Amino acid sequence: MAVNYEDQATLFNFVVKQGNGVKGLIDSGMSRVPQPFVQPLSERIATPHARTCEAAQPIDLSQLDGPRHKEVAKQITEAAETLGFFQVVNHGVSVELLELLKTSAHKFFAQPPEKKAIYLKEVSPSKLVKYGTSFVPEKEKAIEWKDYVSMLYTNDHEVLQHWPPQCREVALDFLKSSMAMVKRVVEVLMEDVGVRLEEERMNRLMGTKMVNMNYYPTCPSPELTIGVGRHSDMGMLTVLLQDGIGGLYVKLDNGDWAEIPPLDGALVINVGDTLQILSNGKYKSAEHRVRTTNIGSRVSVPIFTAPNPSEKIGPLPEVVRRDGVARYKELLFQDYMNNFFGQPHDGKKSLDFARAD
C-alpha cells in the first residue's frame with residue numbers, strides 16, 4: 001500500500017489509527033524519517049557511543065542466600081539510592097526462557113498489520129491487551145519510534161484466554177518466574193529503611209502486573225528520532241529484558257546520559273515512582289530513554305509492577321519518623337496513574353503530582 005509520508009493526518013491514521021505501526025512504515029518501503037517522528041533538537045540522542053554506567057557490573061542475586069548477603073544487599077540499596085538502575089544475574093529466570101521471549105516478541109510483530117490491529121485500544125476484544133505505537137501519540141510533539149503490545153495480568157485462566165497466542169505462554173512464564181525475585185529485592189530495600197511489609201500489603205503494592213513487548217524497527221536516521229522519550233516508571237519496580245542491540249540510557253546526577261549495556265542472561269531492574277514515594281525519596285526512580293538504531297530491529301520485554309488502583313500510596317510512616325518530614329503526600333494510586341498516562345513523556349515531571357505542598 002502506498003503511503004503519503006508528507007500528509008501528517010494520513011500518516012497518523014496509517015501508523016496509529018489503523019495499527020500499521022512504525023513497522024508498517026518500514027515495510028512500505030520508507031527510506032527517510034517522516035516529519036511527525038522528527039524530535040526537537042533538545043530531545044535527540046546525539047551519539048550511540050555514550051559512556052556506560054556502573055550498571056554494567058551485574059549483581060549476583062544467588063549470593064543473597066549465603067554469607068555475602070550483607071554485601072549484596074548493600075549493592076542493591078546503593079544502586080537504588082544513586083542510579084535507580086541495576087542489572088542482575090542468577091535471578092531465577094532461565095536463559096532459555098529469556099531467548100524464547102525475544103523470539104516470541106519478534107514473532108508477534110512480524111504478523112501482518114491486521115492481525116496486530118485487532119488489539120488496538122478502541123477495538124481490542126479484551127481489556128487485558130492493548131497494541132499501539134508511541135506513548136500518547138495524540139499529545140506528543142513528535143511520535144516515538146516504537147510499537148508495543150501491553151498485556152495486563154489478572155489470573156492465569158484469563159491470561160491464557162486473552163493474551164495473544166504468539167506470546168502468551170512465554171510472557172506468563174516470564175512474569176511468574178520473576179515475581180519471587182521482585183519481592184526479594186523489595187524486601188531488601190524495605191529492610192534498609194527499617195520497614196517490614198506484611199505480605200498482604202506487599203501484594204497490594206504490587207497488585208498491578210503487566211508484561212509489555214516493545215518493538216523498535218530499524219530506523220534510517222536514528223539521530224532524528226527516539227524510541228522512548230525521557231521518563232521514569234510509575235510503579236514499584238520494573239524488570240527488563242534487553243536484546244543484544246542496546247539503546248537504553250539513564251540520566252546521571254550530573255545531567256549526562258549513560259548507556260546500560262545489554263548483558264547475556266542478565267535482567268535490568270529499575271526503581272519506579274511509587275518506590276521513591278514510599279521511601280520518601282531515598283530510592284530514586286531513574287529518568288531514562290531509548291535510542292533507535294539502524295543496525296537492526298530491537299525488542300525489549302519489561303514487567304511493570306505497581307499498586308492496585310485502589311491502594312493509597314505515600315511515604316511510609318517509619319521513614320517519615322526517621323526523616324522528620326514527608327516529601328510526598330498520600331494519594332490514591334488510580335489518581336497518580338491517571339495523571340501519568342494523561343500526558344506525554346517529560347522526564348520525572350509526573351512525580352510533581354505527588355509532592356507535598
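Position 1 is the first residue of the sequence; numbering continues from there. Note that the structure is a prediction, hence the values are computed from the model and not measured.
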S.K.: Could you tell me whether Glu99 and Lys102 make a salt bridge, using a distance below 4.0 angstrom between a side-chain N and a carboxylate O?
M.R.: yes
S.K.: Shared ILVMFWY cluster between Tyr148 and Phe304, side chains joined below 4.5 angstrom?
M.R.: no
S.K.: Is the backbone N or O of Asp256 less than 3.5 Å from a side-chain atom of Asn254, with the two atoms forming a donor-acceptor pair by type?
M.R.: yes
S.K.: What distance do Thr77 atom OG1 and Lys70 atom NZ have between them, rounded to the nearest 0.5 Å?
M.R.: 12.5 Å
S.K.: So, Gln242 side chain and Val268 main chain: donor-acceptor pair closer than 3.5 Å or not?
M.R.: no
S.K.: Any side-chain heavy-atom pair from Tyr131 and Ser150 closer than 4.5 angstrom?
M.R.: no
S.K.: Is there a side-chain contact between Val159 and Met151 (heavy atoms, below 4.5 Å)?
M.R.: no
S.K.: Quick one: side-chain hydrogen bond (donor to acceptor under 3.5 Å, both in side chains) partners of Gln39, sequence neighbours excluded?
M.R.: none
S.K.: State plainly whether one hydrophobic cluster holds both Leu332 and Met236, where clusters connect Ile, Leu, Val, Met, Phe, Trp and Tyr through side-chain heavy atoms under 4.5 angstrom apart.
M.R.: no
S.K.: Between atom CG of Leu11 and atom CD1 of Ile143, what is the distance when rounded to the nearest 0.5 Å?
M.R.: 6.5 Å
S.K.: Look at the side-chain heavy atoms of Ile, Leu, Val, Met, Phe, Trp and Tyr, link any pair under 4.5 Å apart, and say whether Val185 and Val89 land in one connected group.
M.R.: no
S.K.: At what distance, to the nearest 0.5 angstrom, does SG of Cys219 lie from CH2 of Trp145?
M.R.: 4.5 Å
S.K.: Donor-acceptor pair, distance only, cut-off 3.5 Å: does the side chain of Gln87 make one with the backbone of Pro261?
M.R.: yes
S.K.: Out of curiosity, Ile277 CD1 to Met234 CE, how far, rounded to the nearest 0.5 Å?
M.R.: 11.5 Å
S.K.: Quick check: do Tyr216 and Val22 have side-chain heavy atoms less than 4.5 Å from each other?
M.R.: no
S.K.: Assess whether a salt bridge exists between Glu71 and Arg68, defined as any Lys/Arg side-chain N lying under 4.0 Å from an Asp/Glu carboxylate O.
M.R.: yes
S.K.: If only side-chain N and O atoms count, and only distance matters, is there a donor-acceptor pair under 3.5 Å linking Arg168 with Gln161?
M.R.: no
S.K.: Any side-chain to backbone donor/acceptor pair from Asn280 onto Val325? Under 3.5 Å, distance only.
M.R.: yes
S.K.: Between NZ of Lys107 and OG of Ser104, what distance do you get to the nearest 0.5 Å?
M.R.: 7.0 Å
S.K.: Do the side chain of His288 and the main chain of Ala286 share a donor and acceptor less than 3.5 angstrom apart?
M.R.: yes
S.K.: State which residue, out of Glu318, Glu78, Glu81, fulfils the salt bridge (charged side-chain N to carboxylate O under 4.0 Å, His left out) condition with Lys282.
M.R.: Glu81
S.K.: Got Leu205 and Val186 here, is their nearest side-chain heavy-atom distance under 4.5 Å?
M.R.: no
S.K.: Grouping I, L, V, M, F, W and Y whenever their side-chain heavy atoms are under 4.5 Å apart, do Val95 and Val301 come out in a common cluster?
M.R.: no
S.K.: Would you call Lys183 and Glu187 a salt bridge, using N to O less than 4.0 angstrom?
M.R.: no
S.K.: Could you check whether any side-chain N or O of Arg298 sits under 3.5 Å from a backbone N or O of Gly246, counting only pairs where one atom can act as donor and the other as acceptor?
M.R.: yes
S.K.: Is there a donor-acceptor pair closer than 3.5 Å between any side-chain N or O of Ser350 and the backbone N or O of Phe340?
M.R.: no
S.K.: If you measure from CD on Glu169 to CH2 on Trp163, what distance do you get to the nearest 0.5 Å?
M.R.: 11.5 Å
S.K.: Any chance the side chains of Tyr215 and Ser297 put a donor and an acceptor closer than 3.5 Å?
M.R.: yes
S.K.: With a 3.5 Å cut-off and no angle check, do the side chains of Asp147 and Thr133 form a donor-acceptor pair?
M.R.: yes
S.K.: Only one of Arg327, Lys284, Lys348 passes side-chain hydrogen bond (donor to acceptor under 3.5 Å, both in side chains) with Gln276; say which it is.
M.R.: Lys348
S.K.: If Ile, Leu, Val, Met, Phe, Trp and Tyr residues are connected whenever their side-chain heavy atoms lie under 4.5 Å apart, and connections chain through other members, are Leu160 and Leu101 in the same group?
M.R.: yes
S.K.: Within the side chain of Lys17, is there an N or O that forms a donor-acceptor pair under 3.5 Å with the backbone of Phe12?
M.R.: no
S.K.: Please report the C-alpha distance between Phe174 and Leu100 in whole Å, then the side-chain angles of each, then the deciding distance to 0.1 Å, and finally whether the side-chain contact (heavy atoms from CB on, under 4.5 Å) criterion is met.
M.R.: CA-CA 10 Å; Phe174 181 39; Leu100 267 176; over 6 Å; no
S.K.: Between Phe353 and Lys329, is there a cation-pi geometry (under 6.0 Å to ring centre, at most 45° from the normal)?
M.R.: yes
S.K.: Any donor-acceptor pair under 3.5 Å linking the side chain of Asn308 with the backbone of Glu311?
M.R.: no
S.K.: Taking all non-hydrogen atoms of both residues into account, name the closest pair between Val123 and Ala117 and its distance.
M.R.: CG2-O, 3.5 Å
S.K.: Under 4.5 Å between any side-chain heavy atoms of Leu275 and Met190, yes or no?
M.R.: yes
S.K.: Counting C-beta onward and ignoring hydrogens, is there a side-chain heavy-atom pair between Glu223 and Arg44 closer than 4.5 Å?
M.R.: no
S.K.: Donor-acceptor pair, distance only, cut-off 3.5 Å: does the side chain of Asn212 make one with the backbone of Pro302?
M.R.: no
